[in-house]
Student: 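Right, I'll just put the structure down here and ask away after.
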Amino acid sequence: MRYCMTLKGNDMDIHSIGRKIRDIKRELYLEKTQMYLLYSQEFKKFRSDKDRKMILIDTPEHGNLGDQAIVYAQHLFLQKECGIKKMYEFTYDEYCAASKMISLYVHDQDVLFVPGGGFIGTLWENEEKVLLNIIKQFHNNKVVVFPQTAYFEDSQYGSKEKEKFRSIVKDNKNLTVFARDWESYYLLSEIIGMDKNRCFYVPDIVTYLKYNNKVDKKRNVIFCLRQDKEKVLEEEKIQNFIHKIEAKGLDIVNVDTIVKGRVSKGTREYAIQKKLNEFASGYLVITDRLHGMLFAALVGTPCIALDNLSGKVSGVFQWIQYLEYVQCVGVDNLNIELLEKMLNMKENHYSNHELKNYFVKMRDIILQIIDKTEL
């Protein structure tokens, strides 16, 4: 019972005690991460490498397979399209644990690549904070941010954060940012005021991937719905729609693009392929997750995608709207007629041929950045 008491002397209640415990655990974890990193063979190679280095930084180890797929696709793109065979990778936690040590061995000619995602703005503050730290810390280096969504809430706080972001990125001549939806591109180029030679409108990098596995279809409809701050579909509406689907003799399977536990650099590809196989096994996917939509698109499973708070689902859908088996609708347009239409989609195959020119554009921009980097 004593843990539920307010500790007046220190002005601490149970919630602040809990936060303090979490902070201590985080610090201990980062100390352990730093030790493992600094004594690893990879870091020893990084430390002794005097050549120009290509560095992936701020990559995830958490179980969000959408974020993991972004990094996986980024690896492939840099290798296959840009000819970069040798890359060093530092995760989000490794950077947080050892940023000063890492920076000691990053020279001005080195190029840093930051993953794409949706963490520019006020939705995911810790992630944006790390991004801004990287931009400030490595201001003498070329830094390339892969396709992102930017979103600042319409409030006094959102305006303040937007100004902070502007002050750090606007005049940074070494920073290049790719935006994966038009609203984000407009925000970065027109409102933030980034030079249009450093800000570009391109598809989410996951659309670069290909899927070639053959998976047996099951008579099920896959629900892949958010449970976090970006959730858009009310539980009552979900249940009503589930009843309609079950009445058609179909099973419901709840799937998430989030898996429990950590996904390491070494297990990333396996975890993504396993999840893609899961999406490939369904007759239909209903999702409000951006990468739920993209995973369904990659494997050829019909998909009804619902937009989210930041508009990133509909924004990225614009790139793949040529795929007839993927539809993006508002919550109010989720109905039985649409369900029947999508269930009748047969033999769907993903192609990113329509996006080829944008991948060429990305490649040429990155090659130009690398070529202009002083040796």
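None of these values were measured; they are calculated from a predicted model. The chain is numbered in sequence order, starting from 1.
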Student: Out of curiosity, does Leu367 fall in the hydrophobic cluster containing Val360 (side-chain heavy atoms, cut-off under 4.5 Å, transitive links)?
Tutor: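 No, it is not one cluster - the side chains of Val360 and Leu367 are not joined through contacts under 4.5 Å.
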Student: Are Tyr157 and Ile191 linked, directly or through other ILVMFWY residues, by side chains that come within less than 4.5 angstrom of each other?
Tutor: no
Student: Quick one: does Thr287's side chain have a donor or acceptor within less than 3.5 Å of a partner on Cys224's backbone?
Tutor: yes
Student: Hey, does the side chain of Trp319 reach the backbone of Arg180 with a donor-acceptor pair shorter than 3.5 angstrom?
Tutor: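 Yes; judged by distance alone, with no hydrogens or angles, the pair exists.
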Student: Quick one: do Glu163 and Lys170 make a salt bridge, cutoff under 4.0 Å?
Tutor: no
Student: Less than 4.5 Å apart, any side-chain heavy atom of Leu112 and any of Val106?
Tutor: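 Leu112 vs Val106: side chains touch.
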Student: Establish, yes or no, whether a centroid distance under 6.0 Å links the rings of Phe295 and Phe279.
Tutor: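 Centroid distance Phe295-Phe279: below 6.0 Å, so yes.
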Student: Of Ile55, Val177, Asn174, Val114, which meets side chain to side chain contact (heavy atoms under 4.5 Å, CB included) against Val143?
Tutor: Val114
Student: Taking the side chain as every heavy atom from C-beta outward, state whether Leu339 and Ile245 have any pair of such atoms under 4.5 Å apart.
Tutor: yes
Student: Between the side chains of Arg166 and Asp171, is the shortest nitrogen-to-carboxylate-oxygen separation below 4.0 Å, so that they form an ion pair?
Tutor: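 Here Asp171 does not pair with Arg166 in a salt bridge, since their nearest N and O are not under 4.0 Å apart.
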Student: Tell me whether Ser48 contacts the main-chain N or O of Lys45 through its side chain, where contact means a donor paired with an acceptor under 3.5 Å.
Tutor: yes
Student: Report yes or no: does Gln321 contribute a side-chain atom to a donor-acceptor pair with the main-chain N or O of Gln318 at less than 3.5 Å?
Tutor: yes
Student: At what distance, to the nearest 0.5 angstrom, does CG of Asp251 lie from CD1 of Ile242?
Tutor: 12.0 Å
Student: With the 4.5 Å side-chain cut-off for hydrophobic clustering, are Tyr283 and Ile304 part of the same group?
Tutor: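 Yes, because Tyr283 and Ile304 connect within a single hydrophobic cluster, where side-chain heavy atoms sit under 4.5 Å apart.
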Student: Should Met342 and Val331 be regarded as members of a common hydrophobic cluster, given that ILVMFWY residues are connected when their side-chain heavy atoms come within less than 4.5 Å of each other, either directly or indirectly?
Tutor: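 Yes, Met342 connects to Val331 through the hydrophobic network.
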Student: Quick one: are Leu188 and Phe165 in side-chain contact, heavy atoms under 4.5 Å?
Tutor: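 In contact.
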Student: Give a yes or no on whether the backbone of Phe43 and the side-chain of Tyr88 come within a donor-acceptor separation of less than 3.5 Å.
Tutor: no
Student: Is the CD atom of Gln156 crowded by more than 12 outside heavy atoms at less than 6.0 Å?
Tutor: no
Student: Less than 4.0 angstrom from a charged side-chain N to a carboxylate O is my criterion; do Asp51 and Lys86 meet it?
Tutor: no
Student: First locate atom CG of Asp371, then atom CD of Gln368, and finally report the distance between them rounded to the nearest 0.5 Å.
Tutor: 8.0 Å
Student: Checking side chain to side chain donor-acceptor pair (under 3.5 Å) for the pair Tyr211/Asn277: CA distance, chi angles, key distance, verdict?
Tutor: CA-CA 9 Å; Tyr211 177 82; Asn277 292 343; 2.6 Å; yes
Student: Would Lys160 and Ser155 count as a side chain to side chain donor-acceptor pair (under 3.5 Å) here? Give the steps.
Tutor: CA-CA 9 Å; Lys160 180 181 176 181; Ser155 66; over 6 Å; no
Student: State, yes or no, whether a side-chain contact exists between Thr207 and Phe359 at a heavy-atom distance under 4.5 Å.
Tutor: yes
Student: Surrounding NZ of Lys25 (heavy atoms of other residues, nucleotides or ligands, distance under 6.0 Å), is the total greater than 12?
Tutor: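 Open: at most 12 neighbouring heavy atoms sit under 6.0 Å from NZ of Lys25.
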Student: Sub-3.5 Å donor-acceptor pair from the side chain of Lys80 to the main-chain atoms of His75, do we have one?
Tutor: no
Student: Which atoms form the tightest heavy-atom contact between Asp181 and Tyr201, and what is the distance?
Tutor: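 Closest pair (atom of Asp181, atom of Tyr201, distance): C-CE1, 3.3 Å.
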Student: Counting C-beta onward and ignoring hydrogens, is there a side-chain heavy-atom pair between Met362 and Pro147 closer than 4.5 Å?
Tutor: yes
Student: Say whether, by atom type as modelled, one donor and one acceptor occur between the side chain of His107 and the main chain of Gln109 under 3.5 angstrom.
Tutor: no
Student: For atom OH of Tyr29, decide whether the heavy atoms of other residues, nucleotides or ligands shown that lie under 6.0 angstrom number more than 12.
Tutor: yes
Student: Measure across Phe119 and Gly116 and return the closest heavy-atom pair with its distance rounded to 0.1 Å.
Tutor: CE2-O, 3.7 Å
Student: Flag the pair Tyr95 / Asp58 as yes when at least one side-chain heavy-atom distance between them is below 4.5 Å, and no otherwise.
Tutor: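 They are not in side-chain contact.
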Student: Using every non-hydrogen atom in the two residues, find where Val71 and Pro60 come nearest and quote the distance to one decimal.
Tutor: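 Residues Val71 and Pro60, closest heavy atoms: CG2-CD, 3.3 Å.
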Student: Test of understanding: with side-chain contact (heavy atoms from CB on, under 4.5 Å), list the residues that count as partners of Ser189, not counting sequence neighbours.
Tutor: Tyr185, Lys196, Cys199
Student: Between the side chain of Asp110 and the main-chain N/O of Arg52, is any donor-acceptor distance below 3.5 Å?
Tutor: no
Student: Check whether more than 12 heavy atoms from other residues, nucleotides or ligands sit under 6.0 Å from atom CG of Asn213, and answer yes or no.
Tutor: yes
Student: Check Tyr92 against Arg26 and note the closest heavy-atom contact, atom names and distance.
Tutor: CE2-NH2, 3.6 Å
Student: Give, for atom OG1 of Thr267 and atom CD of Glu61, the distance between the pair rounded to the nearest 0.5 Å.
Tutor: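 These two atoms lie 9.0 Å from each other.
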Student: Assess the residue pair Val145 and Thr176 against the criterion (side-chain contact (heavy atoms from CB on, under 4.5 Å)); give the C-alpha distance rounded to whole Å, side-chain angles, the decisive distance to 0.1 Å, and a yes or no.
Tutor: CA-CA 6 Å; Val145 181; Thr176 299; over 6 Å; no
Student: Looking only at heavy atoms, which two atoms of Ala73 and Tyr208 are closest? And how far apart?
Tutor: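 Here Ala73 and Tyr208 meet closest at O-CD2, 4.2 Å.
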Student: Less than 4.5 Å apart, any side-chain heavy atom of Phe223 and any of Val285?
Tutor: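 Result no, sub-4.5 Å side-chain heavy-atom pair not found.
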Student: Do you know the tightest heavy-atom contact between Ser351 and Leu323?
Tutor: O-CD2, 4.2 Å
Student: Is the count of non-hydrogen atoms from other residues, nucleotides or ligands lying under 6.0 Å from Gln239 atom CD greater than 12?
Tutor: yes
Student: Considering only heavy atoms from C-beta outward, does the side chain of Met101 approach that of Arg47 to under 4.5 Å?
Tutor: no
Student: Would a distance-only check, ignoring hydrogens and angles, find a side-chain to backbone donor-acceptor pair under 3.5 Å from Ser184 to Ala150?
Tutor: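 Confirmed, Ser184 side chain pairs with Ala150 backbone.
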Student: Inspect the contact between Lys312 and Glu183 and indicate whether a charged nitrogen and a carboxylate oxygen are less than 4.0 angstrom apart.
Tutor: no
Student: Less than 4.0 Å between a side-chain N and a carboxylate O, is that true for Glu89 and Arg268?
Tutor: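 A salt bridge links Arg268 with Glu89.
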Student: How many angstroms lie between CG in Leu298 and CG in Asn212, if you round to the nearest 0.5 Å?
Tutor: 10.5 Å
Student: Does Tyr358, at its OH atom, have more than 12 non-hydrogen atoms belonging to other residues, nucleotides or ligands within less than 6.0 Å?
Tutor: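 Atom OH in Tyr358 is not packed in, count stays at 12 or less.
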Student: Do Ile336 and Leu284 sit in one hydrophobic cluster, given that two such residues count as connected whenever their side-chain heavy atoms are within less than 4.5 Å of each other, even indirectly?
Tutor: yes
Student: Which value, rounded to the nearest 0.5 Å, describes the distance between Met194 atom CE and Phe200 atom CZ?
Tutor: 9.0 Å
Student: For Lys217, does the NZ atom have more than 12 heavy-atom neighbours from other residues, nucleotides or ligands under 6.0 Å away?
Tutor: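 Yes, because the 6.0 Å sphere around NZ of Lys217 holds more than 12 heavy atoms from other groups.
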Student: Tell me whether the count of non-hydrogen atoms from other residues, nucleotides or ligands lying under 6.0 Å of OH in Tyr186 goes above 12.
Tutor: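 Open.
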Student: Could you go through Glu31 and Tyr36, starting from their C-alpha distance and side-chain angles, then the distance that decides it, and tell me whether this counts as side chain to side chain donor-acceptor pair (under 3.5 Å)?
Tutor: CA-CA 9 Å; Glu31 287 181 11; Tyr36 278 126; over 6 Å; no
Student: Can the positive tip of Lys53 be found less than 6.0 Å from the middle of the six-membered ring of Phe46, inside 45° of the ring normal?
Tutor: yes
Student: First locate atom NZ of Lys162, then atom OG1 of Thr122, and finally report the distance between them rounded to the nearest 0.5 Å.
Tutor: 9.0 Å
Student: Assess the residue pair Ile120 and Thr149 against the criterion (side-chain contact (heavy atoms from CB on, under 4.5 Å)); give the C-alpha distance rounded to whole Å, side-chain angles, the decisive distance to 0.1 Å, and a yes or no.
Tutor: CA-CA 6 Å; Ile120 291 179; Thr149 294; over 6 Å; no
Student: Report the relative orientation of the aromatic rings in Phe146 and Phe178; use parallel for angles under 30°, tilted for 30 to 60°, perpendicular for over 60°.
Tutor: perpendicular
Student: Whether the side chain of Asp364 engages the backbone of Lys361 through a donor-acceptor N/O pair (distance < 3.5 Å, no angle test) should be reported.
Tutor: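 Looks like no, no N/O pair under 3.5 Å.
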